[in-house]
Amino acid sequence: MSAVTTTEAAVTVAAAKDTPQVRRRRRLSPGRRLPAARLAGPVLLLALWAAASAAGQLDPAAIPAPWTVVKTGAHLWTDGTLPTDILTSLQRAATGFVIGLVAGVLLALASGLSRTGEALIDGTVSLNRAIPTLGLIPLFILWLGIGETFKVAIIAIVVYIPIYLNTHAALSGIDHRFVELAEVQGLSRFAFVRQIVVPGALPGFFVGLRLGVTGSWLGLVVLEQINATSGLGYMMFQAQNYGQSDVILVGLVVYGVFGLVSDSAVRLVERRVLSWRRTLSS
């Protein structure tokens, strides 16, 4: 009995040696998404700002403490200055953004789905992209005056360029096999656009949309300091003349909050619309 047991043990050991070792699969993905992860950076920055202010490491005249900025913002909100300026800025940014969004999408479709459209549009947009948009301000003032029209026009240009470039690149990157499959299936032009073009262009479109949203706020900061009588940029420009750094920081914080919220909203819509994709972020 002992000899049989010894023989079985020897056979088991030999089989174990012959069996290849199964390696543990290494995880290369970023892992599970953390809740409210995008707020971690701003919260850390705010904590460092508050700690440096409390320790006296920052000059209050140059960089006021966070509680001073909050107090100033509450005062501006109470006297009605901040709500009026915020509403004016939102109207300008929204109007220019909508115009730029529509123009960017239509031009990208016309250029991406037609060789004639590409020949007429793509080079012109590339030329426009090479010219600094803010450098067009003096010319647009001569053309459109110094009212609201030229501000909206500049914001629309800032917005449409990234939307066009990314959407057009996504259209150009659609696999030609899908086009051939649509031709074999006998899809109509409308069905081809709906089933092939739109799903293929959406990832690039959302990238351009996020850049366009950010660009609308960046352009607004500059434009509202040119012959404006209201708006966050005007408020900050007036505060600069009087050395009110706390008011300037209030405007910057509001711009930052609007930019973060709008970008987060676009990312949320993107995840819902493109939920069918398997990506690192998902």
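In this chain, numbering begins with 1 at the start of the sequence shown. None of the values given here were measured: they were computed from a predicted structure.
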Subject >> Hydrophobic cluster identity match, Leu181 and Val198, side-chain contacts under 4.5 Å >> reply: no
Subject >> Pairwise distance CD1(Ile196) to CG(Leu171) - rounded to 0.5 angstrom >> reply: 12.5 Å
Original post:
Does the side chain to side chain contact (heavy atoms under 4.5 Å, CB included) test come out yes or no for Ile137 and Leu134, once each step is laid out?
Top reply: CA-CA 6 Å; Ile137 292 178; Leu134 297 181; 4.0 Å; yes
Subject >> Co-membership, hydrophobic cluster, residues Leu46 and Leu58, 4.5 Å side-chain >> reply: yes
Original post:
Which atoms form the tightest heavy-atom contact between Leu249 and Pro64, and what is the distance?
Top reply: CD1-CD, 3.3 Å
**OP:** Evaluate the side-chain proximity of Leu274 to Pro203: yes if any heavy-atom separation is below 4.5 Å, no if none is.
**Re:** yes
Original post:
Quick one: are Thr68 and Pro60 in side-chain contact, heavy atoms under 4.5 Å?
Top reply: no
Subject >> Contacts of type side chain to side chain contact (heavy atoms under 4.5 Å, CB included), residue Leu45, not counting sequence neighbours >> reply: none
**OP:** Enter the distance from Ser216:OG to Ile99:CD1 here, rounded to the nearest 0.5 Å.
**Re:** 12.5 Å
Subject >> For Ala65 against Trp49, the heavy-atom pair lying closest together >> reply: C-CZ2, 4.1 Å
Original post:
Hey, does Leu113 have a side-chain heavy atom less than 4.5 Å from the side chain of Glu118?
Top reply: no
Original post:
Quick one: are Phe97 and Val102 in side-chain contact, heavy atoms under 4.5 Å?
Top reply: no
Subject >> Nearest heavy-atom neighbours spanning Ser89 and Leu220 >> reply: O-CD2, 3.5 Å
Subject >> Thr124 (side chain) donor-acceptor with Leu120 (main chain) under 3.5 angstrom >> reply: yes
**OP:** Would you give the length of the straight line joining atom CG of Leu209 to atom CD of Glu270, rounded to the nearest 0.5 angstrom?
**Re:** 9.0 Å
**OP:** Could you tell me whether the side chain of Phe205 reaches within less than 4.5 Å of the side chain of Leu101, counting heavy atoms only?
**Re:** yes
Original post:
Do side-chain atoms of Glu224 reach the backbone of Gly233 as a donor and acceptor pair under 3.5 angstrom?
Top reply: yes
Original post:
Ser230 side chain to Asp85 main-chain N or O, any donor-acceptor pair under 3.5 Å?
Top reply: no
Subject >> Path from Phe237 to Val253 over hydrophobic side-chain contacts below 4.5 Å >> reply: no
Subject >> Verdict with supporting geometry, Met236 and Val247, side chain to side chain contact (heavy atoms under 4.5 Å, CB included) >> reply: CA-CA 7 Å; Met236 295 167 60; Val247 177; 5.9 Å; no
Original post:
In Å and rounded to the nearest 0.5 Å, what is the CG to CZ distance from Leu127 to Arg129?
Top reply: 10.5 Å
Subject >> Trp217 side chain reached by Ser262 side chain, heavy atoms, under 4.5 Å >> reply: yes
Original post:
With a 4.5 Å heavy-atom cut-off, do Phe190 and Arg194 have their side chains touching?
Top reply: yes
Original post:
What is the minimum heavy-atom distance between Tyr255 and Leu232, and which atoms define it?
Top reply: OH-CB, 3.5 Å
Original post:
Side chains of Val69 and Thr72: closer than 4.5 Å at any heavy-atom pair?
Top reply: no
**OP:** Output the rest of the hydrophobic cluster of Trp67: all Ile, Leu, Val, Met, Phe, Trp and Tyr residues reachable through side-chain heavy-atom contacts under 4.5 Å, sorted by chain and number.
**Re:** none
Give the table of side-chain donor-acceptor pairs shorter than 3.5 Å for residues 139-165, with sequence neighbours excluded, one pair per line with atom names and distance.
| from | atom 1 | to | atom 2 | distance (Å) |
| --- | --- | --- | --- | --- |
| Glu148 | OE1 | Arg92 | NE | 2.7 |
| Glu148 | OE2 | Arg92 | NE | 3.3 |
| Glu148 | OE2 | Arg92 | NH2 | 2.7 |
| Lys151 | NZ | Gly147 | O | 3.2 |
| Lys151 | NZ | Ile226 | O | 3.4 |
| Tyr160 | OH | Asn128 | ND2 | 2.7 |
| Tyr164 | OH | Ser111 | OG | 3.1 |
| Tyr164 | OH | Asp122 | OD1 | 2.8 |

